[in-house]
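These figures come from a predicted structure and were not determined experimentally.
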Amino acid sequence: MHFSVITLFPEMVESVVNGGVVGRASKRGLMNMTCINPRDYAEDVHRTVDDRPYGGGPGMVMRPDCLLRAIRDERNKFGDCKVIYMTPQGRPLQQSMLEGLAKVDNVILLCGRYEGIDERVITLEVDEEWSVGDYVLSGGELAAMIVIDGTTRLLPEVLGHTESAVQDSFSDGILDHPHYTRPEKIEDLEVPEVLLSGNHKLIEQWRRQQALGRTQLRRPALLQEKELSGQDKQLLDDFMKEIKTSEVKS
């Protein structure tokens, strides 16, 4: 898989492949990334990439000419590409979007700066607009790095354990269950007894119940969008009853 990132700060984005899961995937050739600076496509001596907005107002807007040349140059290199503009106005990022992107061979991530980019670039070349949340960053670079990291870990052979990505939060539309490791007791807190039982069926059931319960407590809207099986409903009911019982005792 190849990512082309169009950014005024390539050194910032390049750090994503310097370590961790993405770094290992890059070294193994499972993904690669290039950064393209739109200044390289500016035609004036000052390499100008922004200008004042028509109609007035504060700030500057990234020019369409250099951005279009950069995008089209990448399209010519790699053929069929998906172009995604990272913007607060975009579709909120979800795990399913990353799963779909992981099936694409060539992706162009467009990072805006200043007040954003000329709308005509979006009309002419952008396939989708994505947002990483309802807040404003200085530019699209951090958002692009999130997309690269979240997508890369879904590629075949990237993670050390084939089940790791499958069992992540949101892979089934709900949050992940709690995790524990050694030592068995830390201060006054012990590992749940079921995880020490060796009974894999009970462990799996406990983890499912905890995932459902945690989702109900922290992100209930996720469960409203999901059709639960009869077994899941029972597990969730039992979980909530235990919560209410513990609250009464406390």
Side-chain angles (χ1 to χ4, degrees), residues 1 16 19-26 28 30-31 91-104 130-134 142-143 145-250:
M1 182 176 191
V16 76
V21 170
V22 179
R24 292 195 298 271
S26 178
R28 294 172 59 194
L30 300 174
M31 65 79 69
R91 177 183 171 194
L93 184 61
Q94 296 181 339
Q95 185 69 17
S96 59
M97 295 160 65
L98 298 177
E99 291 170 355
L101 195 62
K103 300 174 183 177
V104 178
W130 287 11
S131 168
V132 294
D134 294 335
L142 289 173
M145 293 164 71
I146 288 172
V147 170
I148 292 169
D149 183 282
T151 304
T152 298
R153 64 193 314 282
L154 297 174
L155 298 176
E157 301 181 36
V158 167
L159 296 183
H161 197 296
T162 55
E163 293 297 316
S164 294
V166 176
Q167 296 180 2
D168 282 341
S169 291
F170 303 110
S171 59
D172 187 32
I174 62 175
L175 303 183
D176 198 7
H177 58 76
H179 296 270
Y180 296 87
T181 188
R182 293 174 178 79
E184 291 183 18
K185 184 175 182 179
I186 188 76
E187 298 185 6
D188 292 328
L189 300 176
E190 298 184 4
V191 175
E193 187 175 344
V194 64
L195 298 179
L196 307 174
S197 68
N199 188 322
H200 296 293
K201 184 176 181 179
L202 285 180
I203 291 172
E204 181 180 353
Q205 180 176 289
W206 179 87
R207 286 175 170 168
R208 181 65 177 175
Q209 183 180 54
Q210 292 295 312
L212 290 165
R214 177 170 286 191
T215 304
Q216 178 63 38
L217 293 175
R218 301 182 182 184
R219 298 285 300 278
L222 293 176
L223 290 182
Q224 293 174 7
E225 301 170 0
K226 186 176 179 62
E227 185 174 347
L228 299 179
S229 66
Q231 183 179 12
D232 280 347
K233 290 179 181 178
Q234 186 62 56
L235 289 172
L236 182 56
D237 286 343
D238 292 343
F239 178 92
M240 297 308 296
K241 287 177 182 177
E242 289 183 17
I243 292 293
K244 291 180 181 178
T245 300
S246 62
E247 288 178 347
V248 170
K249 291 181 179 180
S250 61

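In this structure, Tyr180 OH and Leu189 CG are separated by 8.0 Å, a value rounded to the nearest 0.5 Å. Taking CG from Asp237 and CG from Asp232, the interatomic distance works out to 10.5 Å, rounded to the nearest 0.5 Å. Note that the OG1 atom of Thr151 and the NZ atom of Lys103 stand 12.5 Å from one another [nearest 0.5 Å]. Between atom CZ of residue Arg153 and atom CE of residue Met31 there is a gap of 13.5 Å, rounded to the nearest 0.5 Å. To the nearest 0.5 Å, atom CZ of residue Arg219 and atom CD of residue Gln224 are 11.5 Å apart.
Residues Asp172 and Arg208 are in side-chain contact: their nearest non-hydrogen atoms beyond the backbone lie under 4.5 Å apart. Inter-residue side-chain proximity for Leu101 and Trp130 is flagged as met; some heavy-atom pair is nearer than 4.5 Å. Using a 4.5 Å heavy-atom cutoff, the side chains of Arg207 and Leu195 are in contact. Between Val194 and Gln205, the closest side-chain pair of non-hydrogen atoms is not below 4.5 Å. The side-chain heavy atoms of Met145 and Leu142, taken from C-beta on, include a pair separated by under 4.5 Å.
For the pair Ser246 (side chain) and Glu242 (backbone), a donor-acceptor distance under 3.5 Å is present. No side-chain donor-acceptor contact under 3.5 Å links Thr152 to the backbone of Asp149. The backbone N or O of Val191 lies less than 3.5 Å from no partner atom in the side chain of Glu184, so there is not a single donor-acceptor pair.
Every residue was checked against the salt bridge (charged side-chain N to carboxylate O under 4.0 Å, His left out) condition with Lys233, not counting sequence neighbours, and none meets it. Taking the side-chain contact (heavy atoms from CB on, under 4.5 Å) definition, one finds that Arg91 meets it with Met97, Glu128, sequence neighbours left out.
The heavy-atom pair separating Leu236 from Leu223 by the smallest distance is CD2-CD1, 3.8 Å. The heavy-atom pair separating Val158 from Arg28 by the smallest distance is O-NH1, 3.8 Å. Of all heavy-atom pairs spanning Asp176 and His179, the tightest one is OD2-NE2, 2.7 Å. Across every non-hydrogen atom of Leu30 and Pro156, the tightest pair is CD1-O, 4.1 Å. Residues Val132 and Ala143 come closest through the heavy atom pair CG1-CB, 3.8 Å. When all heavy atoms of Ala102 and Leu154 are compared, the closest pair comes out as CB-CB, 4.1 Å.
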| task | Could you check Thr245 against Val248 for side-chain contact (heavy atoms from CB on, under 4.5 Å), going step by step and ending with a plain yes or no? | result | CA-CA 5 Å; Thr245 300; Val248 170; 5.8 Å; no
Side-chain donor-acceptor contacts of residues 210-218 below 3.5 Å, not counting sequence neighbours, with atom names and distances?
unit_1 : atom_1 : unit_2 : atom_2 : d
Thr215 : OG1    : Leu175 : N      : 2.9
Thr215 : OG1    : Ala211 : O      : 2.7

